[in-house]
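Values in this document were obtained by computation on a predicted structure and should not be read as measured data. So that the names make sense, note that chain A is the first sequence line, chain B the second, and so on, each numbered from 1. Below, all heavy atoms of this structure are taken into account, side chains as well, without hydrogens, waters or symmetry copies.
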Number of protein chains: 2
Amino acid sequence: MLLFWRKGYEATTMNDLVEELGLGRGSIYAAYGDKHRLFVLALGRYLGHQTTLLDSALGDTGPVLPHLRDVIDRLLAADAACTGAGCFSVNSIAELLPNDAEVAELARRSLQFAEDAFTTQLERAARSGELSPAIGPRDAAHLLVTTVQGLQIMRKADPDPARAAACLDSLFTLLAPTTAPTAPTPAPAYATP
Amino acid sequence: MLLFWRKGYEATTMNDLVEELGLGRGSIYAAYGDKHRLFVLALGRYLGHQTTLLDSALGDTGPVLPHLRDVIDRLLAADAACTGAGCFSVNSIAELLPNDAEVAELARRSLQFAEDAFTTQLERAARSGELSPAIGPRDAAHLLVTTVQGLQIMRKADPDPARAAACLDSLFTLLAPTTAPTAPTPAPAYATP
DNA sequence: TATGTTTTGGAACGTGCAGTCCAGAACGGT
DNA sequence: ACCGTTCTGGACTGCACGTTCCAAAACATA
C-alpha cells in the first residue's frame with residue numbers, strides 16, 4: 001500500500017499494485033474488489049494503525065504535555081518511514097475530498113478520534129495546571145490536531161525534521177501556562193475533589 | 001483552472017480543460033504546452049494572487065495581531081469561494097510532492113514568502129508588546145503558516161467556517177501576551193510540595 | 001477584394017488504463 | 001492416487017487518456 005501513500009490514488013496504476021503486491025490482477029480483484037475499494041482498505045488499515053498507536057500511548061498518569069509531545073513525535077516518525085511521502089491520511093484528504101464520500105467518512109472519524117483523545121489528555125492537563133488557562137482543553141486539542149495536519153503538509157515541502165520539531169516546540173510552549181512561579185511542576189499530585 | 005483546483009492534477013483530463021476553457025485541444029497545446037505546464041502555470045497564477053493579497057494587506061502601522069488575523073481570514077475566504085476544494089497550493093503539495101520538482105519549487109517559494117511576511121509583522125508586534133514573550137517572531141510565523149496549512153486540510157474534512165475561526169481564535173489567543181494578571185483563573189489548586 | 005499568415009478546433013493516433021476471463025496449478029477430502 | 005473445488009496470474013478487452021495533425025476559418029496587409 002506504500003504506492004497509494006507515495007503517489008496518491010490517481011497516479012497509482014493497477015500494474016503498479018500488481019508489481020507491489022506480487023499477485024496477479026485477477027487475484028487482486030477477487031480479493032479486494034476494484035481499485036477504489038482497495039484504496040479505502042489501505043487507508044483504513046493506515047488509520048487503524050495510527051489510532052492504535054494513539055490509543056495505546058495515551059495513559060492517565062504522569063505529566064501530560066511532554067507525553068503528548070512524545071506521542072506526536074512518534075506519529076510523525078512513523079510517517080517519516082515512508083520518506084517524503086508525508087501522511088497518507090492528509091494526502092488522501094487533499095487529493096480526494098470533497099469528491100469521495102467514503103474517504104471523507106474515514107478521515108472524519110479518524111480526526112474526531114484524535115481530537116477526542118487529545119481532549120481527554122488536555123482535560124487532565126488543565127486539572128493539574130499543565131495547560132495554559134488561556135485556552136480550553138477541547139480548543140487546544142482541535143488546534144493541536146490542525147497543526148499536526150499542517151506539519152504533514154509542511155514536511156512535504158521541507159522534509160527537515162528539525163523544522164517540524166521546532167514548530168511543535170513553539171506550540172507546546174504556548175500551550176503551557178506562563179512559566180513564572182511554578183516552573184518545573186515537580187509532581188502533578190492533583191486531588192480528586 | 002478551477003478544475004485543477006477542485007479535482008487535482010491527475011483526475012483532471014484534457015477533455016475537462018477543453019470544456020472549461022472553451023478552446024480546442026490544438027489551441028491549448030499551442031498556447032501552453034502540455035498538461036503539466038498548464039498546471040504549473042495555473043498554480044503559479046494562484047500563488048501570485050495569494051502573494052499579492054498578502055503583500056498589499058500587510059502594512060506597518062496599527063495593531064498587528066488583529067490585522068494579521070483579518071488577512072488570514074480573507075485568504076481563507078478567497079479559497080472558500082471554490083466550495084469545499086480547500087487551498088489549491090495545499091492540495092498540490094499533498095498530491096504531487098515529493099515527485100514533482102517544479103511544483104515543489106513554486107510551493108516552497110510561496111511558503112517562504114508567507115513566513116517572511118508574517119515574521120516582519122510579528123517582529124513589529126514583539127516590539128510593541130503585542131506578542132507573547134514566550135515565542136520569537138520567526139517561530140510564531142512558522143507556526144502560523146503551518147497552522148493555516150492544517151486549517152486548509154481540516155476544512156476539507158469539515159467545511160464549517162466556525163471551526164476554522166475557532167481554531168484561529170485559539171492560536172491568536174495563545175500568541176498574545178498573557179492578559180495582565182489573568183483574572184478568571186479558576187485553577188483547581190494543585191499543591192506544590 | 002486578393003493573398004499570405006496565423007489561429008482554431010475537431011478528427012485521428014498510439015498508448016496505457018481499469019477491469020474481465022479462463023486455462024491450469026494448488027489444494028483437500030476420501 | 002483420484003477428482004471436485006478453489007485459487008492464481010497472465011492474456012485479453014474496450015475505452016479514455018494525452019498528444020499530434022491539418023483543413024478550414026479568421027485575420028492582416030495592401
Any Asn15(B) side-chain N or O less than 4.0 Å from OP1/OP2 of dC17(D): yes

Between dT20(D) (P) and Lys35(B) (NZ): distance, integer Å: 14 Å

5′-ward residue of the pair His36(A)/Ile28(B) relative to DNA chain C: Ile28(B)

Interatomic distance, Phe4(A) CZ vs dA18(C) C1' [rounded to whole Å]: 11 Å

hbond_proxy Arg25(A) side chain to dG19(C) base (donor-acceptor, 3.5 Å cutoff): yes

Spacing of Tyr29(A) atom OH relative to dG10(D) atom P, expressed in whole Å: 15 Å

Distance, rounded to the nearest Å, where Arg37(B) contributes CZ and dG18(D) contributes C1': 15 Å

Any side-chain donor near an acceptor of the partner, Asn15(B) and Glu19(B), under 3.5 Å: no

Nucleotide nearest Met14(B) (side chain, heavy atoms from C-beta), chosen from dC17(D), dT20(C), dG18(D): dG18(D)

Donor on one side chain, acceptor on other, Arg155(A) and Gln152(A), under 3.5 Å: yes

Tyr32(B) OH to dT19(D) P, straight-line distance once rounded to whole Å: 16 Å

Closest to the Ser27(B) side chain, choosing from dC17(C), dG18(D), dG9(C): dG9(C)

Separation of dG9(D) P from Glu19(A) CD (nearest whole Å): 14 Å

Sub-4.5 Å side-chain heavy-atom contact between Leu175(B) and Leu131(B): yes

Rounded interatomic separation in angstrom, taking CG from Asp34(A) and P from dC17(C): 17 Å

Between dT20(C) (C1') and Leu23(A) (CG): distance, integer Å: 17 Å

Cationic tip of Lys35(B) above Tyr9(B) ring, under 6.0 Å, 45° of axis: yes

Ring geometry between Phe88(B) and Tyr46(B) (parallel below 30°, tilted from 30 to 60°, perpendicular above 60°): perpendicular

Out of dC17(D), dT19(D), dT8(D), whichever nucleotide has its closest atom nearest the side chain of Thr13(B): dC17(D)

